[in-house]
Engineer: 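For reference, the structure I am asking about is given below.
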Amino acid sequence: MDKPFTQPPTLIGQTLEELESLAISLGSEEFRGRQLFDWIYSKQIDDYQKMSNLSIAFRERLTDFSIHPLKLVNKDISNSKKTQKYLFALQDGKMIESVLMMDGKRITVCLSTQVGCAVDCDFCATAKMGFVQNLTIGEILDQFLQLQKISTRRITNIVFMGMGEPFLNYENTIEAAHLLHHPKGINMGAWRITISTSGITRNIDRFTKEGHSYKLAVSLNASNEQQRLKTMPITKTNPFLGLINASKNYTLRSRKKITFEYVMLSNINDDTKDAKVLIHLLGSIDCKLNIIPYNEIDGSYKRPNDERIDNFLSVLEKAPFPVTIRWSKGQGIDAGCGQLATKTG
Ligand code: SAH
Ligand code: SF4
């Protein structure tokens, strides 16, 4: 029986060891793999002809392999030009989005980890797509590499906050973070890489146990179990207090701060009573609280008015932890938090 045709893997997404083995399997020396790693990830060159220290014969053999797993399909630039949303096609034609944000010296890229999302938060546009598939390591990484090529300035920060739940594609997300951080490759500082989870408790525990130095953010979005159950059904299988405990345990074991994200939804979780509960709940945790006024999508949720946001924030002034507010940029082009969704998922 004929073997089904399988596309050879693209080079972006391969680890140092995999590229060394590839070099050997193509009849070259192991160190050629290291040179290839340097071209792809450190020099970020995607044309074999420019990889001048590789032999012509080796370059010739490499042409059987594509470098990029993603194809750039479209881009949307906000009026201020500070937020740019990019649409990429996977090799099978499915689509994902990534966002590039400029804020002074800080250039942040927001990466997707899945096509769609299974978590089904009621307020999020990605949830409406349902879960389609996990992204490969290469597909996660290529969003960064292609946007770095487009960006006139060096990307300073990476957030795994695009489409999908990173902790439901745990291995690929962590391996992509390792490749972003690799000192012989892209060499992004671990503290500049943030992974955001909706609260998959077992994988928060795993992340803690494995001792990674990337930053962790948890999308709390409620001040108690009942409230969270209404907007985030995942709370049924990952109870609220279990999530708080897993987060606290992370900070104690890692000696690192955790960020709690809190999307403010009008008349759902924006009462000053909620702010008081948060102070009590998070007061003993080494954390930062990031308030995100809701970015409206089709649906019934609304952003609280300015007065309610101000009142909420003034209660939080008494909190023992730092509180920041994130006014998502790029809402005009649907590039704000929770607005990413592709029709051709
Ligand atoms: N799945 C991960 C990461 C992607 S979502 C997670 O949920 O953490 C990134 C952030 O956007 C999360 O904090 C999420 O709560 C928030 N978010 C989702 N929909 C939003 C919306 N419509 N407006 C503002 N923030 C939203
Ligand atoms: Fe998935 Fe995060 Fe959206 Fe929830 S908020 S549906 S976890 S992408």
Side-chain angles (χ1 to χ4, degrees), residues 83 96-99 101 108-135 140 143 158-170 172-173 176-177 193-201 203-204 207 214-222 227-238 243 246-247 258-266 268-270 287-304 309 324-342 345:
T83 304
I96 53 163
E97 291 179 322
S98 324
V99 185
M101 294 164 281
T108 304
V109 66
C110 177
L111 304 182
S112 292
T113 53
Q114 299 182 313
V115 183
C117 185
V119 177
D120 207 21
C121 304
D122 206 21
F123 47 76
C124 171
T126 310
K128 310 280 173 251
M129 295 173 66
F131 172 69
V132 181
Q133 71 196 41
N134 279 332
L135 296 189
I140 298 173
Q143 300 169 60
I158 298 168
V159 294
F160 287 88
M161 294 186 190
M163 292 163 65
E165 167 48 52
F167 275 6
L168 289 181
N169 186 11
Y170 186 89
N172 289 355
T173 296
I193 300 175
T194 303
I195 302 176
S196 173
T197 177
S198 56
I200 312 297
T201 312
N203 281 338
I204 295 178
F207 187 80
Y214 311 116
K215 282 194 180 168
L216 184 62
V218 168
S219 301
L220 191 62
N221 299 345
Q227 203 178 62
R228 196 171 199 263
L229 270 170
K230 284 188 197 136
T231 57
M232 299 181 74
I234 194 169
T235 310
K236 270 183 235 149
T237 44
N238 295 261
L243 175 59
S247 305
I258 197 165
T259 297
F260 289 107
E261 292 164 288
Y262 192 95
V263 177
M264 271 185 88
L265 302 163
S266 179
I268 306 276
N269 64 1
D270 63 339
C287 71
K288 189 175 105 177
L289 179 63
N290 195 356
I291 304 292
I292 312 173
Y294 183 58
N295 297 316
E296 291 177 14
I297 58 166
D298 295 345
S300 57
Y301 294 103
K302 293 272 169 284
R303 170 181 284 200
I309 297 176
T324 51
I325 178 151
R326 189 198 303 156
W327 294 102
S328 290
K329 299 173 186 85
Q331 288 171 67
I333 55 167
D334 285 345
C337 290
Q339 293 186 309
L340 302 185
T342 55

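Here the structure is a predicted model, which means the values were calculated and not measured. We count ligands from 1, going down the list as the structure has it; atoms in each ligand are counted the same way.
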Engineer: Look only at interatomic distance and state if Asn221 has a nitrogen or oxygen under 3.5 Å from any nitrogen or oxygen of ligand 1.
Structural biologist: yes
Engineer: Checking side-chain polar atoms at under 3.5 Å, does Glu165 have a donor or acceptor matched by the opposite partner on Thr113?
Structural biologist: no
Engineer: Asp122 and Thr231: side-chain donor and acceptor closer than 3.5 Å?
Structural biologist: no
Engineer: Heavy atom under 4.0 Å from ligand 1: found in Thr197's side chain, backbone, both, or neither?
Structural biologist: backbone
Engineer: Only heavy atoms of Phe123, strictly under 4.0 Å: list the atoms of ligand 1 that pass.
Structural biologist: 15 (O), 18 (C), 19 (N), 22 (N)
Engineer: Quick test: of every protein heavy atom, which one is nearest to atom 26 (C) of ligand 1, and how far off is it to 0.1 Å?
Structural biologist: Cys337 O, 3.5 Å
Engineer: State if Gly162 counts as touching ligand 1 under the rule of any non-hydrogen atom under 4.0 Å.
Structural biologist: yes
Engineer: List ligand 1 atoms under 4.0 Å from Glu261, heavy atoms only on the residue side.
Structural biologist: 13 (O)
Engineer: Do any nitrogen or oxygen atoms of Gly164 lie less than 3.5 angstrom from nitrogen or oxygen atoms of ligand 1?
Structural biologist: yes
Engineer: Within the structure, is a non-hydrogen atom of Gly338 found at a distance of less than 4.0 Å from ligand 2?
Structural biologist: no
Engineer: Identify, for atom 5 (S) of ligand 1, the protein heavy atom at the shortest distance, and state residue, atom and that distance.
Structural biologist: Met161 O, 4.0 Å
Engineer: Under 4.0 Å, counting heavy atoms only: does Glu165 come that close to any atom of ligand 1?
Structural biologist: yes
Engineer: Could you tell me whether atom 3 (Fe) of ligand 2 has an N, O or S atom of Cys121 under 2.8 Å away?
Structural biologist: no
Engineer: By number and element, which atoms of ligand 1 are closer than 4.0 Å to a non-hydrogen atom of Val263?
Structural biologist: 15 (O), 16 (C), 17 (N), 24 (C), 25 (N), 26 (C)
Engineer: Which heavy atom in Gln114 sits nearest to a heavy atom in Leu168, and how many Å separate them?
Structural biologist: NE2-O, 3.6 Å
Engineer: Quick test of your reading of the structure: of Ser219, Gly299, Ser196, whose heavy atom lies closest to atom 12 (C) of ligand 1?
Structural biologist: Ser219
Engineer: Looking only at heavy atoms, is any part of Asn295 under 4.0 Å from ligand 1, and if so is it the side chain, the backbone, or both, or is it neither?
Structural biologist: both
